[in-house]
Amino acid sequence: MIKHRPVPASLDDPLYYLENMDILVAWVANHHADLLTEQERNRLAAFSGLATGPRALLTRMVMRTGELFRADKLRYPELPVPESEALRTLVQAGWLDPAPELSLDDLFRLFTLAELRPEFADWLQQQGHPKTLGKARMRELLAEPFNAPRALGAWLPGGGEASTVVRLQDMALFDRIRLMFFGNLRQSWTDFVLVELGVQQFESVPFTPASRAFQQRAEVDCYLQMHQCRERLENGEPAVDVWPDVPGPVDNPWLASRRDRLLLELGRQAERQGERELALEVLENSGHREAQLKQLRLLERMKRFEEAWAIACQWQATELSDAEAQGLSRLLKRLAPKVGADQPEPVDNPPLQEFTLTLPKPDTGTVELAALQHLGTDDAPVFYVENTLINALFGLLCWPVIFQPLPGAFFHPFHIGPADLTREDFVARRQQAFEQRFRLLGTGAYRREILDTYKNKQGIANPFVFWPVLDEALLELALHCIPSGHLEALFRRLLNNIKEHRSGFPDLIRFVPDAEQPEQRYEMIEVKGPGDRLQDHQVRWLQFFARQGIPASVCYVRWQDDEARG
DNA sequence: ACCGCCCACACAAGA
DNA sequence: AATTCGACCG
DNA sequence: TCTTGTGTGGGCCGGTCGAAT
Ligand SMILES: [Mn+2]
Ligand SMILES: [Mn+2]
């Protein structure tokens, strides 16, 4: 029987992890063979040809961190053969290097302080260091004099024979197939297990065997190369050294936006490392909004006002998102006097509702909870929901649209949402389906629909639904109190830019189910403690609420004790 | 749905 | 000596 | 004083066990 969908192994099988690996390898060999080199295909075939014991042990190593392992730390009683025998086979078949060169760092990761201390005791004593050095300090001291890699026998001539260290040879290949299968490197073998355990549930969306994350090998290579760049940055490597290895501009929009984000991070690091010219170049090459703004701010700080002004003006002449307009107008306001231009006319932002509360400072709990306690009554209960409520109402109403089996949207059984969720054309590809769901808001059928979906899909992952904060009573209250016209306005803005508009909602929502006016049965409240301030995207939602007549306000909290002093 | 986001909070600098 | 941290596991 | 920018820290199954401080 041909498997159209990889199904995780039962955990009753003691070799469940091997079955999962076999499933993944077979899936890749069947559906991604054209993205592999001849050599890689042969290697995978050789893997599948290994006997159970060695294959299982190799899988265990692939699933663990790093490439180096002490043989005496590989203890897997479920194997059908002794570990030593499986190891021999793997060495003979070229999967393991039995005598790898180890750096000092490798050595210190593999062996404990107690094991290392006697080996370096004499040397440290000669240098006049105390015997009780910690592991990190000891490694620092040894780093320079012992910077050359050595085989284990040369590091530990005394006690070394008790232990062997092996190096996994083909980790890059296993990372590559994991990437091709999942379409990312954040998911892994453990996703199979979490599903079996019931910790995670994913919607079952049909996908054709032909649907996959990558169409060309060059795309996979590009992803892997950018991933390496990011890792190097995280390890503190200077931005100048990483920049030459960043792939050039790419056509694939998904990879292009990943590249934009990488360049933003690279630019940040460059700036922090004092490489201003590099930062400018890198940020200019990123299409990311924050990168563009950062480039302008850096020019401003370097007093290159004319340059910044020119770019900013050019940018402002294009179609701007709310966020761009917001960031750009702040810049233009500062730049105008520097270049002798007129102050740009201020955009007429609607005023926001505000009020101040003075509360006793609670010993425990957050400022949001303190405000909630104070504001909530039996007739007007208050909930601390932030983004979760509106997002959930949207996710539940539009469930079938979100999980519509479009080409390229789903390609393995472990998707939280469609792969193209934050891509430019996500909504356009589903416009009719969304409109159809929104029509339910006009007929009143949406309440039933949302509550039914809440019951039927309980616990199943959805990028808009955070299950632990929801319950039926909250949903019913929300559906009673929030007019459907408001919901439609909120949902349409959300769809307008999912990435930017799924967050920034106020902390609290207050329901007044018995209010006369249907428009006044609820109110959203953003709480700000002393020293906190509204974030940009919070302001943008609040301004939207104000323009739409959606009740919302900002609650500034002061602590009673501070006030006496202040 | 990309080791990233989504929040509050802390500190600095310039107007 | 007691606590914190992280790798590993199902 | 206000505004604005920037950097930080926590939390991501839950439990066990070894290692480090
Ligand atoms: Mn909040
Ligand atoms: Mn708040």
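Labels below follow one simple rule: chain letters A, B, ... track the order of the sequence lines, proteins then strands, and each chain is numbered from 1.
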Side-chain donor-acceptor pairs under 3.5 Å in residues 402-417 of chain A, sequence neighbours left out?
{"unit_1": "His412(A)", "atom_1": "ND1", "unit_2": "Phe414(A)", "atom_2": "N", "d": "2.9"}
{"unit_1": "His412(A)", "atom_1": "NE2", "unit_2": "Phe182(A)", "atom_2": "O", "d": "3.2"}
{"unit_1": "His415(A)", "atom_1": "NE2", "unit_2": "Phe411(A)", "atom_2": "N", "d": "2.9"}
{"unit_1": "His415(A)", "atom_1": "NE2", "unit_2": "His412(A)", "atom_2": "N", "d": "3.3"}

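For residues 178-187 of chain A, every residue pair satisfying the side-chain hydrogen bond (donor to acceptor under 3.5 Å, both in side chains) rule, not counting sequence neighbours, is listed here: Asp175(A)-Arg178(A), Asn184(A)-Gln187(A), Gln187(A)-Asp191(A). Sorted by first and then second residue, the salt bridge (Lys or Arg N to Asp or Glu O under 4.0 Å) pairs involving residues 226-235 of chain A (not counting sequence neighbours) are Arg232(A)-Glu237(A), Arg232(A)-Asp245(A).
Remark: Pro238(A) engages Val240(A), Asp241(A), Gln273(A) in a side chain to side chain contact (heavy atoms under 4.5 Å, CB included) (not counting sequence neighbours). When the side chain to side chain contact (heavy atoms under 4.5 Å, CB included) test is applied to Arg217(A), the partners found at least two apart in sequence or on another chain are Thr37(A), Glu40(A), Arg176(A), Asp221(A). Looking at residues two or more places apart in sequence or on another chain, you find a ring pair (Phe, Tyr, Trp, His ring centres under 6.0 Å) between Phe394(A) and Phe464(A), Phe491(A). When the ring pair (Phe, Tyr, Trp, His ring centres under 6.0 Å) test is applied to Trp189(A), no partner is found at least two apart in sequence or on another chain.
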When you look at Tyr17(A) and Glu78(A), which way does the side chain to side chain donor-acceptor pair (under 3.5 Å) test go after all the steps? CA-CA 11 Å; Tyr17(A) 56 91; Glu78(A) 78 278 6; 2.5 Å; yes
Is there a side chain to side chain donor-acceptor pair (under 3.5 Å) between Glu386(A) and Thr388(A)? Walk through the geometry before answering. CA-CA 6 Å; Glu386(A) 280 182 340; Thr388(A) 59; over 6 Å; no
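Counted by atom type alone, Glu219(A) and Gln215(A) present zero donor-acceptor pairs between their side chains at under 3.5 Å.
Looking at heavy atoms from C-beta onward, Glu500(A) lies out of side-chain contact with His537(A) at the 4.5 angstrom threshold. Between Ile390(A) and Leu494(A) there is no side-chain heavy-atom pair separated by less than 4.5 Å. Side chains of Val166(A) and Leu68(A) form no contact here, defined as non-hydrogen atoms less than 4.5 Å apart.
Of all nucleotides present, none satisfies the Watson-Crick or G-U wobble test against dC3(B) with each distance under 3.5 Å.
A gap of 11 Å separates the C1' atoms of dA1(C) and dT21(D), to the nearest Å. Straight-line distance between the P atoms of dG6(C) and dG10(D): roughly 11 Å, to the nearest whole Å. Of the P atoms belonging to dG11(D) and dC5(C), the separation is 11 Å, rounded to the nearest Å.
With a cutoff of under 4.0 Å to any heavy atom of chain A, the contacted region of DNA chain D is bounded 5' to 3' by dT4(D) to dT21(D).
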Listing time: all N or O pairs from protein to nucleotides 3-14 of chain B that are below 3.5 Å?
{"unit_1": "dG4(B)", "atom_1": "OP1", "unit_2": "Arg230(A)", "atom_2": "NE", "d": "2.8"}
{"unit_1": "dG4(B)", "atom_1": "OP2", "unit_2": "Arg230(A)", "atom_2": "NE", "d": "3.3"}
{"unit_1": "dG4(B)", "atom_1": "OP2", "unit_2": "Arg230(A)", "atom_2": "NH1", "d": "2.6"}
{"unit_1": "dC6(B)", "atom_1": "OP2", "unit_2": "Ser503(A)", "atom_2": "OG", "d": "3.1"}
{"unit_1": "dC6(B)", "atom_1": "O3'", "unit_2": "Asn387(A)", "atom_2": "ND2", "d": "3.2"}
{"unit_1": "dC7(B)", "atom_1": "OP1", "unit_2": "Asn387(A)", "atom_2": "OD1", "d": "3.1"}
{"unit_1": "dC7(B)", "atom_1": "OP1", "unit_2": "Asn387(A)", "atom_2": "ND2", "d": "2.8"}
{"unit_1": "dC7(B)", "atom_1": "OP1", "unit_2": "Gly504(A)", "atom_2": "N", "d": "2.6"}
{"unit_1": "dC7(B)", "atom_1": "OP2", "unit_2": "His537(A)", "atom_2": "NE2", "d": "2.9"}
{"unit_1": "dA8(B)", "atom_1": "OP1", "unit_2": "Asp507(A)", "atom_2": "OD1", "d": "3.3"}
{"unit_1": "dA8(B)", "atom_1": "OP1", "unit_2": "Glu526(A)", "atom_2": "OE2", "d": "3.3"}
{"unit_1": "dA8(B)", "atom_1": "OP2", "unit_2": "Lys528(A)", "atom_2": "NZ", "d": "3.2"}
{"unit_1": "dA8(B)", "atom_1": "OP2", "unit_2": "Gln535(A)", "atom_2": "NE2", "d": "3.0"}
{"unit_1": "dA8(B)", "atom_1": "OP2", "unit_2": "Gln538(A)", "atom_2": "NE2", "d": "3.3"}

Grab the N/O contacts between the protein and nucleotides 6-10 of chain C below 3.5 Å, and write none if there aren't any.
{"unit_1": "dC8(C)", "atom_1": "OP1", "unit_2": "Arg64(A)", "atom_2": "NE", "d": "3.0"}
{"unit_1": "dC8(C)", "atom_1": "OP1", "unit_2": "Arg64(A)", "atom_2": "NH2", "d": "3.3"}
{"unit_1": "dC8(C)", "atom_1": "OP2", "unit_2": "Thr65(A)", "atom_2": "N", "d": "3.1"}
{"unit_1": "dC8(C)", "atom_1": "OP2", "unit_2": "Thr65(A)", "atom_2": "OG1", "d": "2.6"}
{"unit_1": "dC9(C)", "atom_1": "OP1", "unit_2": "Tyr76(A)", "atom_2": "OH", "d": "2.9"}
{"unit_1": "dG10(C)", "atom_1": "OP1", "unit_2": "Arg60(A)", "atom_2": "NH2", "d": "3.4"}
{"unit_1": "dG10(C)", "atom_1": "OP2", "unit_2": "Tyr16(A)", "atom_2": "OH", "d": "2.4"}
{"unit_1": "dG10(C)", "atom_1": "OP2", "unit_2": "Arg60(A)", "atom_2": "NH1", "d": "3.1"}
{"unit_1": "dG10(C)", "atom_1": "OP2", "unit_2": "Arg60(A)", "atom_2": "NH2", "d": "3.2"}
{"unit_1": "dG10(C)", "atom_1": "O5'", "unit_2": "Tyr16(A)", "atom_2": "OH", "d": "3.3"}

Protein and nucleotides 1-4 of chain C: nitrogen or oxygen contacts under 3.5 angstrom:
none

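Between Lys294(A) and Glu300(A), none of the side-chain N atoms (NZ, or NE/NH1/NH2) sits under 4.0 Å from a carboxylate O, so this pair counts as no salt bridge.
Of the residues in residues 108-117 of chain A, those with a non-hydrogen atom less than 4.0 angstrom from any atom of DNA chain D are Thr112(A), Leu113(A).
A donor-acceptor contact shorter than 3.5 Å is absent between the side chain of Asn349(A) and the backbone of Gln543(A).
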